Amino acid sequence: MANRHISTTISTTTSPFDALSGKKQSETPANRRTPRRRRKANHKSSPAKEASNTLFSDSGRKIPSLTPEEYNPLNSVQEIILASQWNQGRRYGMPDSKIKENDRKFKDRKWDYQFVRSAVDGYEKHLQYVFENLDNDVDCEKDISTDGVIDVASFASEQGTITTTENTEAKFIIDPFANIHPSPEKCIATHKLLSPQTLSRAVRALTRCKLDTPIMSQRIRDIERLVGKIGWTPITDDLSYRLLEANGKAGNVRRTLALLELRRKRGYPPREQLSPLTLSYSGDESNNSDFTVGPGEKEFIHAINSIQSAQLPLRRSRNIYLHESSLSESSLDNPTRYLDAILVNMSQRGVPLTSSMAARMLNCYASTGRTGKALHYFYKVVRDPVEKDGTYIPGPQPTHLGKEDLQEWKIARKKEGVARMLTPADEDGETVGQVTAADDGVSNVSDDVVGEVNSSEFEGSYGDMSKRANQRTKVRMIMHPPPPFHKIPSAVKNAPLIQNRDQRPFSFEGSSGISPSSTNFSPTSSSIHQMNPYDRKPKSMTKLEWELEREWSLSLTAAFAFADSLTHGACGHSPIELDVVGWNSLIKACCYRGAFHRALKILNDTMPAKGIQPDSFSYNTVLAGLARVGDTENLRNILISMTNKNVPIDKYTVQAMVDGLLNMGDVSGASSMVQDIFNQHDTLPPYTTHLKIIEFALSNGLIFEAKRHVYFIQQLWKWQPSQHHSDEFCQLVSATKKNPKLSKDALQKLFRYFGEDLLDEDFF
């Protein structure tokens, strides 16, 4: 039969991915592909092209290219469909008859993130194969008869990307993937692989791969660039939203804002619904339920999350010794410009600003980690060597002495009665504080308090690990001096402070920089501060007035300026009033910048004056900040205030109180605090707090204090509920009793690690 070219058109929708690939956009994809020659099926891409498009998985390994035999777009699409669902317990095509009735509920809810990663990796491999075998300058005309297996007309109608007209003899389309593979079915299936629906599902599956944020950021960029280089995937409403969601979780702020603007220009309506996982996100698990979602706020929440995801490096490893002005703009220490862009987009699309959205935006100022003004390192952990016979000499050893002199020093210390014998190895052969390749000697220590035990604080924990693999050591804690007086709010309350122009530490006006802990300290001392006569006279202000200054923290100043603009109407929105969640975000920002007096001012004066009662999260945020500078006086006063105002005391309250006492070395007070709050307020801290109290006691040689807290844990084992206890409290005690970290064997092992005995006689 004679085949004639009748009429062929291709969708005129341009692809925004062309901007990623560097291609010049034209009106139609057909204009970018001028027919010149017919390409052979065994076409090979150039080495330079292959080298420039190397893909790597989440582990950094190179993803190998597919062979024609391995290229199966339909199978890849099916895996992506399954991976994009909420659960992947059943593989694609598994019949219900193969699932046992008792296991169906479990298998349907199982999340197999390894399968999701495999599906996304396979999708990338197929995209790479298409790009390597696609020639943009080829005559892609293909003749498919009406007797063919695949109905091209119905396929094109389903995809919405190819339209054809037919005569009485045959159908003709311009198929850019005609020679991708020798199999015509796989060539046609390539359209399904590159369809907006499949890409949308692949991007959605990428967000469920359980990847770290920097890796996820790179993966979504790689997929977008690869699709942009191919240039045959039109963007749709659903695809643009899925890309916005993925870039938001990956921390690609500018790409997220660009997609917001794209959706505005194309008239896509704002999304109305939000998944429960995103709804519960708030940066702190104790305040999740306070955030609500209004109409049309879904995609703007993803844009706000992109800012917080981009701030992850600051939260993880912020250099507290650098000033805020030393941080680069990409660190987003001050996210005001990006929040303004979100507000403008909301206003242009008719989405009103609510108090909940304002609180989410203000929380971005408290997602950058704590600065040096809000932290103090109270202690470090060292390992003292233990002799082969089990003899341990407390304290630092004079390692500068020679071998013979050091041996004489040890003998002298033994004669003085300083040395003592440690507990021998346990049944498993583990010795006291033994350093192994799999254990850096760090036991279960809470990682949310300054002064925490971490591997970097152990002397020689990595450099000479191989030499110390079988060496017995005794873990000991060295307490640092307390923080400077100007860091402790209770020490400088309403006292005038001065600071030189070179930004040196504060000192009391009229004093010579004497610490409040000095014997004869008095803020009104007659001693005169020695100054250079040519120096400018320093200002004298209270600590609160210093914290209100712009130079205290540029980001904190921007946070209050942004909050003030919202109350007066910003970027075309109507004025709003901050609710308790919004004020909590400002309190958190103050505590993270060391402005504790400003946070206390909001807590005690500003919020009550506006008719807003602080909640547990308000007080817990201040307590956690004060604990990191060891202000035990204010900690106790705030706890009394919470009791008098009937503010609920929860596990985070107890944790903050214990952290503050332990940082100041009051192990006995920390253990008593846990017991008193348990008896008076029916609450317990997280299990890590119990372990931390025991570890502090053992590392400081307070053996009986450690056993006293073990005795309290045994009381929890024997505790029985009564009719006066709530169900929530009973569940909390039950979970603590059943925790394997607080079992008898775990506690005995913890004592053996510190070289102490916890015998069966010490238990009930």
Side-chain angles (χ1 to χ4, degrees), residues 244 247-248 251-261 264 282-283 291 297 299-315 318 322-349 351-371 373-374 547-579 581-595 598-599 602 606:
L244 188 149
N247 281 280
N252 300 331
V253 181
R254 296 190 178 184
R255 178 60 176 160
T256 303
L257 296 179
L259 289 167
L260 273 180
E261 182 64 16
R264 182 193 68 82
S282 68
F291 284 113
E297 294 180 352
E299 57 192 69
F300 300 103
I301 292 176
H302 291 312
I304 296 174
N305 289 345
S306 70
I307 299 176
Q308 295 179 331
S309 297
Q311 294 170 337
L312 180 63
L314 283 179
R315 293 197 297 274
R318 185 187 185 108
L322 287 181
H323 192 266
E324 293 180 14
S325 58
S326 303
L327 298 175
S328 62
E329 184 180 355
S330 60
S331 61
L332 298 186
D333 192 54
N334 183 2
T336 303
R337 57 181 297 190
Y338 301 104
L339 294 176
D340 286 340
I342 297 175
L343 285 174
V344 170
N345 195 285
M346 291 176 60
S347 176
Q348 292 173 343
R349 302 174 69 182
V351 179
L353 178 64
T354 61
S355 299
S356 177
M357 283 295 292
R360 289 179 180 271
M361 292 182 174
L362 291 173
N363 199 40
C364 294
Y365 292 94
S367 302
T368 56
R370 291 177 171 84
T371 62
K373 297 177 181 179
E547 293 174 358
L548 294 175
E549 289 288 308
R550 178 177 180 272
E551 290 75 13
W552 178 266
S553 173
L554 299 178
S555 178
L556 186 60
T557 303
F560 279 89
F562 183 77
D564 187 64
S565 67
L566 298 181
T567 59
H568 291 83
C571 302
H573 292 276
S574 302
I576 63 168
E577 291 295 333
L578 298 180
D579 57 3
V581 187
W583 286 110
N584 287 346
S585 299
L586 290 176
I587 291 176
K588 187 177 179 181
C590 291
C591 293
Y592 277 34
R593 306 288 171 167
R598 198 170 186 177
I602 296 174
T606 306

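Being a predicted model, the structure only gives us computed values, none of them experimental.
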message: Does any part of the side chain of Leu339, heavy atoms only, come nearer than 4.5 Å to the side chain of Cys364, both counted from C-beta?
response: yes
query: Do Trp583 and Leu362 have side-chain heavy atoms sitting under 4.5 Å apart?
result: no
query: Roughly how far, to the nearest 0.5 Å, is the CG atom of Leu332 from the CZ atom of Arg337?
result: 9.0 Å
query: Rounded to the nearest 0.5 Å, how far does CE of Met357 lie from CD1 of Ile342?
result: 7.0 Å
field: Any Lys588 side-chain heavy atom under 4.5 Å of Tyr365 side chain
entry: no
- prompt: When you look at His302 and Thr256, which way does the side chain to side chain contact (heavy atoms under 4.5 Å, CB included) test go after all the steps?
  reply: CA-CA 8 Å; His302 291 312; Thr256 303; 5.6 Å; no
field: Inter-residue atom distance Glu261.CD - Leu259.CG, 0.5 Å rounding
entry: 10.5 Å
- prompt: Which heavy atom of Ser356 sits nearest a heavy atom of Asp579, and at what distance?
  reply: N-OD2, 4.4 Å
message: So does Asp564 get a backbone contact from the side chain of Thr567, meaning a donor-acceptor N/O pair under 3.5 Å?
response: yes
query: Nearest heavy-atom pair of Ala599 and Cys590: which atoms, and what distance?
result: CB-CB, 3.8 Å
- line: CG of Leu257 to CG of Asn252, rounded to nearest 0.5 Å, is 11.0 Å
message: Is there a side-chain contact between Thr557 and Trp552 in this structure, where contact means two heavy atoms from C-beta onward sitting under 4.5 Å apart?
response: no
- prompt: Where do Gly594 and Thr371 come nearest, in terms of heavy atoms and distance?
  reply: N-OG1, 4.5 Å
field: Nearest-0.5 Å distance, CG of residue Asn305 to CG of residue Asn247
entry: 13.0 Å
message: With no hydrogens and no angle check, just 3.5 Å: does a side-chain donor-acceptor pair link Arg598 and Thr606?
response: no
message: For a quick test of reading the model, state the closest non-hydrogen atom pair linking Glu299 to Leu244 and the distance between them.
response: O-CD2, 3.4 Å
- request: Identify the heavy atoms of Asn334 and Ser555 that sit nearest to each other, and give their distance.
  value: CA-OG, 4.4 Å
- prompt: About how many Å separate CG of Asp333 and OG1 of Thr368, when rounded to the nearest 0.5 Å?
  reply: 4.5 Å
Heavy-atom side-chain contact between Thr354 and Ile576 under 4.5 Å: no
task: Establish, from distance only, whether the side-chain atoms of Ser367 and Tyr592 form a donor-acceptor pair under 3.5 Å.
output: no
- prompt: Taking the side chain from Asn345 and the backbone from Leu260, do they hold a donor-acceptor pair closer than 3.5 Å?
  reply: yes
query: Checking Arg360 side chain against Phe300 main chain: does a donor-acceptor pair fall under 3.5 Å?
result: no
task: Would you mind reporting whether Ser553 and Lys373 have side-chain heavy atoms less than 4.5 Å apart?
output: no
task: Locate the shortest heavy-atom distance separating Ser309 from Gly248; write the atom from each residue and the value.
output: OG-O, 3.4 Å
message: Just so I know, are the side chains of Glu547 and Leu556 near enough to count as touching, which here means a heavy-atom distance under 4.5 Å?
response: no
- prompt: Checking Ser565 side chain against Phe562 main chain: does a donor-acceptor pair fall under 3.5 Å?
  reply: yes
